[in-house]
Amino acid sequence: MAEWWREAVVYQIYPRSFQDEDGDGVGDIAGIIRRLPHVASLGVDCIWISPIFTSPQDDMGYDVSDYTDIDPLFGTLDEFDQMLDAAHGLGLKVIVDQVLSHTSDRHAWFKESRASRDNAKADWYVWADPLPDGSPPTNWHSHFGGPAWEFDATRGQYYLHNFLASQPDLNFHNAQVQDAMLGVCKFWLDRGLDGFRLDTVNYYVHDQHLRSNPPAEARPQVMATDLYGMQDNIYNKSRPENVAFLQRLRHLTDQYADIMMVGEVGEMGEKSIRIMGEYTQGNDRLHMAYSFAMLGPDFTAGHFRSCIEGFQQGAPDGHPKWSFSNHDVTRHVSRWEDHAVDEDSMARLACAMLMSFEGTIGIFQGEELGQTETELVYDELTDPPALRFWPGVKGRDGCRTPMVWEQDAPNAGFSDGTPWLPVKAPQAARAVDAQSAANDSVLHFYRDAIAFRRANPALRRGSTEFHPLPEPFLAFTRQADGQKMTCIFNLSKNDRKLGLGGAATITGPHHAALGGATLTLPGNGFAYLTHDDDLSLSA
């Protein structure tokens, strides 16, 4: 199907935690191959695989030391090709993470770059002299704590790292660097890959004049010790020159049949929606983008509406991807627990909402089980920010614990060895086999909701018009190909009623009752209504 990605549901696989086949406690490519039938059974269109390239694993593969080989922890290039064939055989597209903004400090490029100031790759990374007092060149912060600059005694200069000091940033002002990264992408496209998830896509280009950032307007910090959010990060990322490289990437992918690129925009709030629009407008940039706009604590109708309408207004010809969870944030069933009747009710409500949104949809492994965040103690942690700032920062390990397949098996069927992160009882209770055997499970709901989205053109590709209802109601009408469907969600724990002005019928998965002209929505209730004429709603 041409431009398959526009209507796709994308399933994120975090390889370390999906399925371990060799017993070392870490998931691998062979494990992905084994469990692909489960993914296909959900009715999704594509899998996104988090990094599996050669890496010292300081940041779980987001520190690449060889872009054109598979880390032995996960398998081999031959196994990657087998996985690609297996996925395609099941009708699944495959995209992988490409971490282009930075490498590992053990990459051959960086080893050469740091050796001197006049070697062939001396300018491949962002190097700068100390200020006269020896302090870093700018006030920029690292996401993982401390300055974004590390002093190197060999060159007598600082190098830039937006994350760990072992993740030096590449210098995208250097055309050779851009050419090298395009070559990396071509290598994987030539192997038959269907596209890329581009990590930190707005971080490629830094301010060449090395200007310091101004302070941010008052806003909550992302983490208890995160100084990054105290600046308006206008010089260290989201630079206007970034777009030119995205255009070069798009030119490359357009040479292949129906490739998709989705960029991760590392921003929050209104700014994230604006950049998503900028990066996807027209047909010469990214195919789509997503941000952290829906990955935070906000759970109000106004918030979700502002995200969607903000994108509609900012990029009328662009394309969004919406997700509620991924490997970087607390799982949404736990994140929004204050608004939930119970965990399963929140899982179903969130799924029903997500499958009704205009754009491409992303779900994170375990989300289809209504999986919750795992509570960990310090000795169980692996995530660098958590190890450094515990207990102020709990880190990302809680959402990365292994997938649970068999409720009563050791480690819930994930591994015969000792898992890299523990499998605990609350998570094991949500195993695939137990939910497959229960017709009213969250797993079956996800399958039904995805199938319902696929079967209805209004949900796959319809336009969206919101209804002006007060909190806690989120309601909008989508229409395409002569079909009108109004989607209504109660974002509270309390029962609510809506008056309907017009004839309508409840269809598909729902948690509501229609009596005459009144729609009753229990706490966390929802309904899809089909109707021929316009439908008005009153609270």
Side-chain angles (χ1 to χ4, degrees), residues 51 53 55-56 58-67 97-115 117 119-130 135-152 154-182 184-185 198-213 226-228 231 233-246 248-249 263-267 275 328 384-385:
F53 308 129
S55 166
D58 287 355
D59 189 24
M60 306 307 165
Y62 285 88
D63 49 320
V64 178
S65 56
D66 186 343
Y67 283 101
D97 247 310
Q98 281 289 14
V99 189
L100 305 184
S101 67
H102 53 265
T103 71
S104 165
D105 62 354
R106 276 155 278 189
H107 197 294
W109 298 345
F110 187 71
K111 290 179 180 179
E112 182 176 353
S113 185
R114 77 188 314 176
R117 297 192 186 193
N119 64 77
K121 290 186 171 57
D123 193 39
W124 276 45
Y125 292 82
V126 184
W127 294 95
D129 292 330
S135 57
T138 71
N139 67 347
W140 303 344
H141 292 297
S142 161
H143 271 292
F144 289 170
W149 296 95
E150 183 76 3
F151 186 73
D152 182 80
T154 301
R155 285 186 52 143
Q157 290 181 302
Y158 284 95
Y159 65 84
L160 178 66
H161 60 92
N162 275 295
F163 299 93
L164 293 174
S166 59
Q167 293 171 290
D169 274 54
L170 286 158
N171 178 19
F172 273 78
H173 291 288
N174 185 326
Q176 291 180 321
V177 170
Q178 292 194 23
D179 291 345
M181 303 322 280
L182 292 171
V184 165
C185 293
L198 298 168
D199 184 66
T200 57
V201 74
N202 57 318
Y203 286 70
Y204 296 159
V205 181
H206 68 286
D207 175 47
Q208 210 164 11
H209 301 293
L210 296 183
R211 288 171 283 189
S212 285
N213 288 323
D226 182 16
L227 301 178
Y228 192 92
Q231 294 181 1
N233 294 282
I234 58 176
Y235 293 122
N236 51 336
K237 63 178 179 178
S238 304
R239 302 298 301 158
E241 303 96 323
N242 215 50
V243 172
F245 179 69
L246 300 184
R248 294 193 69 192
L249 267 177
E264 176 203 29
V265 173
E267 293 283 4
I275 295 172
D328 280 331

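- Of the possible donor and acceptor atoms, none in the side chain of H141 sits under 3.5 Å from a partner among the backbone N and O of N233.
- One distance of note links CD of Q178 with CZ of F245; it measures 5.5 Å at 0.5 Å rounding.
- Side chain of D152 to main chain of R155: a donor-acceptor pair is present (N/O by atom type, distance under 3.5 Å, no hydrogens or angles).
- Pairing each heavy atom of E112 with each of A120, the nearest pair is OE2-CB, 3.6 Å.
- For the atom pair CG of D207 and OG of S212, the computed distance is 9.5 Å after rounding to the nearest 0.5 Å.
- Put simply, the side chain of N171 never gets that close to the backbone of V126: no donor and acceptor are under 3.5 Å apart.
- By the 4.5 Å heavy-atom criterion applied to side chains, P137 and D129 are not counted as neighbours.
- Counting only heavy atoms from C-beta outward, the side chains of S113 and W127 approach each other to under 4.5 Å.
- Other residues, nucleotides and ligands place more than 12 heavy atoms under 6.0 Å from the CD atom of E241.
- Side-chain contact check for M181 versus L170: some heavy-atom pair is nearer than 4.5 Å.
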> Given the rule in the side chain to side chain contact (heavy atoms under 4.5 Å, CB included) test, do F53 and V99 qualify, once you have shown the distances and angles that lead to the verdict?
Replying inline: CA-CA 10 Å; F53 308 129; V99 189; over 6 Å; no
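- Listed for the Q231 side chain is a donor-acceptor partner under 3.5 Å among the backbone atoms of N139.
- Panel note: side chain T138, backbone L210; no donor-acceptor pair is recorded below 3.5 Å.
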>> Working note: D105 + H161, criterion side chain to side chain contact (heavy atoms under 4.5 Å, CB included); need CA distance, chi angles, decisive distance, verdict.
In response: CA-CA 10 Å; D105 62 354; H161 60 92; over 6 Å; no
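- A donor-acceptor contact shorter than 3.5 Å is absent between the side chain of S101 and the backbone of Y204.
- Checking each of N162, L160, D59 against Q167 for a side chain to side chain contact (heavy atoms under 4.5 Å, CB included) leaves exactly one that passes, namely D59.
- Between the side chains of D63 and S166, no donor-acceptor pair is found at a separation under 3.5 Å.
- Proximity of a side-chain donor or acceptor of H102 to a complementary backbone N or O of Y62 within less than 3.5 Å is detected.
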> Are K121 and Q176 close enough, and set up right, to give a side chain to side chain contact (heavy atoms under 4.5 Å, CB included), and what steps lead you there?
Replying inline: CA-CA 9 Å; K121 290 186 171 57; Q176 291 180 321; over 6 Å; no
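- Atom CG of L198 is separated from atom CD of Q98 by 7.5 Å, given to the nearest 0.5 angstrom.
- Contact of the D199 side chain with the L100 side chain is not registered, since no non-hydrogen atoms from C-beta on lie closer than 4.5 Å.
- Sorted by first and then second residue, the salt bridge (charged side-chain N to carboxylate O under 4.0 Å, His left out) pairs with a member in residues 169-182 read D179-R248; sequence neighbours excluded.
- The shortest side-chain heavy-atom distance between E267 and K237 falls under the 4.5 Å cut-off.
- Contact of the E264 side chain with the D328 side chain is registered, since non-hydrogen atoms from C-beta on lie closer than 4.5 Å.
- Checking F172, Y158, F110, W149 one by one against Y125, the ring pair (Phe, Tyr, Trp, His ring centres under 6.0 Å) holds for a single residue, F110.
- Remark: side-chain polar atoms of R114 are not paired, donor with acceptor, to backbone N or O of W109 under 3.5 angstrom.
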> Taking it one step at a time, do F163 and D58 satisfy side chain to side chain contact (heavy atoms under 4.5 Å, CB included)?
Replying inline: CA-CA 11 Å; F163 299 93; D58 287 355; over 6 Å; no
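- With Y159 contributing its side chain and A165 its backbone, the two residues share a donor-acceptor pair below 3.5 Å.
- For the 3.5 Å distance criterion, the side chains of N242 and N202 fail to qualify, holding no donor opposite an acceptor.
- No side-chain heavy atom of P51 sits less than 4.5 Å from a side-chain heavy atom of M60.
- Considering all non-hydrogen atoms of both residues, P385 and F144 come closest at CG-CD2, 3.4 Å.
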> So H107 and Y67, ring-ring contact (aromatic ring centres under 6.0 Å, His included) or not? Walk me through it.
Replying inline: CA-CA 9 Å; H107 197 294; Y67 283 101; 5.7 Å; yes
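- Under the 4.5 Å side-chain criterion, counting only non-hydrogen atoms from C-beta, S104 is not in contact with S55.
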